[in-house]
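As a basis for the values below, the full set of heavy atoms in this structure was taken, side chains included, without hydrogen atoms, waters or symmetry mates. Proteins come first, then strands; the chains are lettered A, B, ... in the order of their sequence lines, and each starts at number 1. Just so you know, these numbers come straight off a predicted model, no measurement behind them.
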Protein chains: 2
Amino acid sequence: MAIKDQASRGVSRQVLADHVYEALLIALMDGRLEAGTPVSIDGMARELDVSPTPVREALARLEATGMVRRTALRGYRVAPLFTAAELADLMDARLVIEPANAFMACGHADADLTDQLSQAIEDLKAAPRGPSFAEFRAYWEADERFHRLIAEHANNQFLLSAYNALGGQVQRFRFFGGLGVTDADFAIAEHTEILRAFEAGDADLARRKMIAHIEGVKQRSQHDSEVHDSEVRS
Amino acid sequence: MAIKDQASRGVSRQVLADHVYEALLIALMDGRLEAGTPVSIDGMARELDVSPTPVREALARLEATGMVRRTALRGYRVAPLFTAAELADLMDARLVIEPANAFMACGHADADLTDQLSQAIEDLKAAPRGPSFAEFRAYWEADERFHRLIAEHANNQFLLSAYNALGGQVQRFRFFGGLGVTDADFAIAEHTEILRAFEAGDADLARRKMIAHIEGVKQRSQHDSEVHDSEVRS
DNA sequence: GAATCACATTTCCTATAGGATTCACCGGCC
DNA sequence: GGCCGGTGAATCCTATAGGAAATGTGATTC
């Protein structure tokens with residue numbers, strides 16, 4: 001009820017399951033729901049002050065994103081956190097999909113796209129880089145927006161679906177939730193190079209710059225994960 | 001031992017939502033649920049003789065596959081059929097992901113994998129090629145199994161997710177549901193070439209053969225869709 | 001004849017209740 | 001001490017009911 005009263009005034013009416021979905025997503029990214037912990041349907045319903053039915057529907061949708069796993073008759077639990085090896089796998093998968101996105105999107109690039117990409121980079125520069133969730137979120141959002149813009153402008157719904165399937169992006173956020181942003185300067189520079197390629201209309205260059213960017217992210221994240229591990233163990 | 005038999009095999013009892021999910025999937029592929037038609041929650045519940053709750057959960061899962069679309073407060077309806085252009089997009093997306101899968105899987109190939117791939121090809125040869133659903137299904141299953149085996153052996157859960165996101169494979173089936181198999185001989189030959197590359201352990205060759213295969217599928221499907229269109233118009 | 005409004009039906013959405021299953025705890029037994 | 005079985009609580013799963021919204025129908029009005 002409280003949730004419904006809070007935000008059902010938008011232009012497009014949302015149903016309760018949508019709010020539950022978003023609440024769960026926030027809790028997942030926030031770290032309130034830690035990896036491995038079970039997510040009780042009834043319990044979450046009590047906590048959000050709704051009935052179990054919308055919670056059940058929201059969890060069924062969330063399962064497709066890989067954020068939670070379900071076992072019949074045993075319920076849902078938060079998906080385990082990434083290991084360093086899995087993080088490397090994620091980057092390898094991005095290396096397969098995103099350069100292709102960049103190449104294709106360059107063919108459909110216009111001033112509107114480059115403007116939005118430029119804006120995403122500016123937001124990246126302006127975003128705070130602290131370790132807290134609230135600060136990190138703005139940075140992550142701008143980064144995600146940059147890559148998503150390119151994926152959307154590839155003009156191929158299936159490649160976009162494939163990109164979305166890599167929603168582990170969100171989990172990546174969780175992985176570094178306690179670490180903050182450490183490679184902002186590198187990322188900004190690499191994003192700018194990609195933007196230059198788009199402005200020049202050089203699709204092949206855009207692809208190469210995307211490869212360079214993700215490989216950079218991969219290497220830096222591997223280093224960060226080692227730091228993270230040592231901190232956890234200390 | 002015997003008591004744990006059921007649990008150890010991972011065949012935890014299926015709940016009603018799982019059955020509804022499969023029933024919907026069959027109805028979708030079968031053509032009983034035509035593109036664009038609404039899928040009423042209550043109506044489907046009556047038809048399957050269950051309550052609306054499991055139906056709702058099954059549809060929430062199905063939405064992630066792209067087979068149905070949902071509008072808040074208006075319900076679900078079957079996703080529109082592919083146009084020829086979208087079919088080409090699907091093949092382009094496969095051209096991005098599957099050659100990479102083949103390349104990586106070749107690094108993890110063993111006798112077990114090549115045996116299973118060989119079996120999939122044999123099943124493809126043996127499958128009937130009639131236009132009816134029951135016949136087509138065996139062919140489609142063997143084809144899907146071949147590609148899925150490679151995707152799974154790439155040993156990268158994210159690439160596998162991306163491949164799964166291309167579940168439009170199923171919709172591709174629907175697109176040609178009334179047409180039957182027309183390119184079996186080509187497909188079998190191309191699959192065999194890919195298998196040869198795996199047996200030789202030549203990852204780069206496997207990638208190139210996968211590219212050749214999907215490009216072949218793309219071209220042939222474009223031709224078939226023209227035939228299909230002319231038949232529909234006649 | 002076309003647009004509009006009222007009304008009835010269908011459908012979606014949410015809450016609630018109860019049966020079935022799993023899990024956690026605890027006492028008994030080898 | 002370790003293993004086994006029973007009991008209670010928590011949880012999942014399904015069915016049902018009712019309010020809210022959307023759709024379809026028919027009559028009225030311009």
In whole angstroms, how far is the [atom2] atom of [N] from the [atom1] atom of [X]?
{"X": "I41(A)", "N": "dG18(C)", "atom1": "CD1", "atom2": "C1'", "value": "16 Å"}
{"X": "L16(A)", "N": "dA20(D)", "atom1": "CG", "atom2": "P", "value": "14 Å"}
{"X": "Q14(B)", "N": "dT14(D)", "atom1": "CD", "atom2": "P", "value": "11 Å"}
{"X": "D18(A)", "N": "dC12(C)", "atom1": "CG", "atom2": "P", "value": "15 Å"}
{"X": "R70(B)", "N": "dT11(C)", "atom1": "CZ", "atom2": "C1'", "value": "14 Å"}

With rounding to the nearest 0.5 angstrom, report the [atom1] to [atom2] distance, [X] to [Y].
{"X": "L90(A)", "Y": "L166(A)", "atom1": "CG", "atom2": "CG", "value": "5.5 Å"}
{"X": "F158(B)", "Y": "N164(B)", "atom1": "CZ", "atom2": "CG", "value": "13.0 Å"}
{"X": "I97(B)", "Y": "I97(A)", "atom1": "CD1", "atom2": "CD1", "value": "4.5 Å"}
{"X": "N156(B)", "Y": "H108(B)", "atom1": "CG", "atom2": "NE2", "value": "9.5 Å"}
{"X": "E98(A)", "Y": "M91(A)", "atom1": "CD", "atom2": "CE", "value": "9.0 Å"}

Between S40(A) and dA10(D), is there a side-chain N or O to OP1/OP2 distance below 4.0 Å?
no

E34(A) vs V78(A), side chain to side chain contact (heavy atoms under 4.5 Å, CB included): CA-CA, chis, key distance, verdict
CA-CA 7 Å; E34(A) 289 184 12; V78(A) 181; over 6 Å; no

If you check every side-chain atom of D42(B), which of dC13(D), dC12(C), dC12(D) has the closest atom?
dC12(C)

Report all interatomic pairs (protein N or O, nucleotide N or O of nucleotides 21-25 of chain D) with separations under 3.5 Å.
| from | atom 1 | to | atom 2 | distance (Å) |
| --- | --- | --- | --- | --- |
| dA22(D) | OP1 | R13(A) | NH2 | 2.4 |
| dA22(D) | OP2 | R13(A) | NH2 | 3.4 |
| dT23(D) | OP1 | R74(B) | NE | 3.2 |

Please round to 10 degrees the angle between the axis of the first five pairs and the axis of the last five pairs in the helix from dG1(C)-dC30(D) to dC30(C)-dG1(D).
20°

Can you sort out the partners of R46(B) under side chain to side chain contact (heavy atoms under 4.5 Å, CB included), two or more places apart, ordered by chain and number?
D42(B)

Residues forming a side chain to side chain contact (heavy atoms under 4.5 Å, CB included) with A60(A), sequence neighbours excluded:
Y76(A), E57(B), A60(B), R61(B)

Looking only at atom types and distance, does a side-chain atom of T37(B) sit under 3.5 Å from a main-chain N or O of L33(B), one as donor and one as acceptor?
no

Can you pull out the residues from residues 46-59 of chain B that lie within a 4.0 Å heavy-atom distance of DNA chain C?
R46(B), R56(B)

Y163(B): which of E152(B), R148(B), R94(B) passes side chain to side chain contact (heavy atoms under 4.5 Å, CB included)
R148(B)

Is there any salt bridge (charged side-chain N to carboxylate O under 4.0 Å, His left out) pair reaching into residues 74-92 of chain B, and which pairs are they, with sequence neighbours excluded?
D92(B)-K218(B)

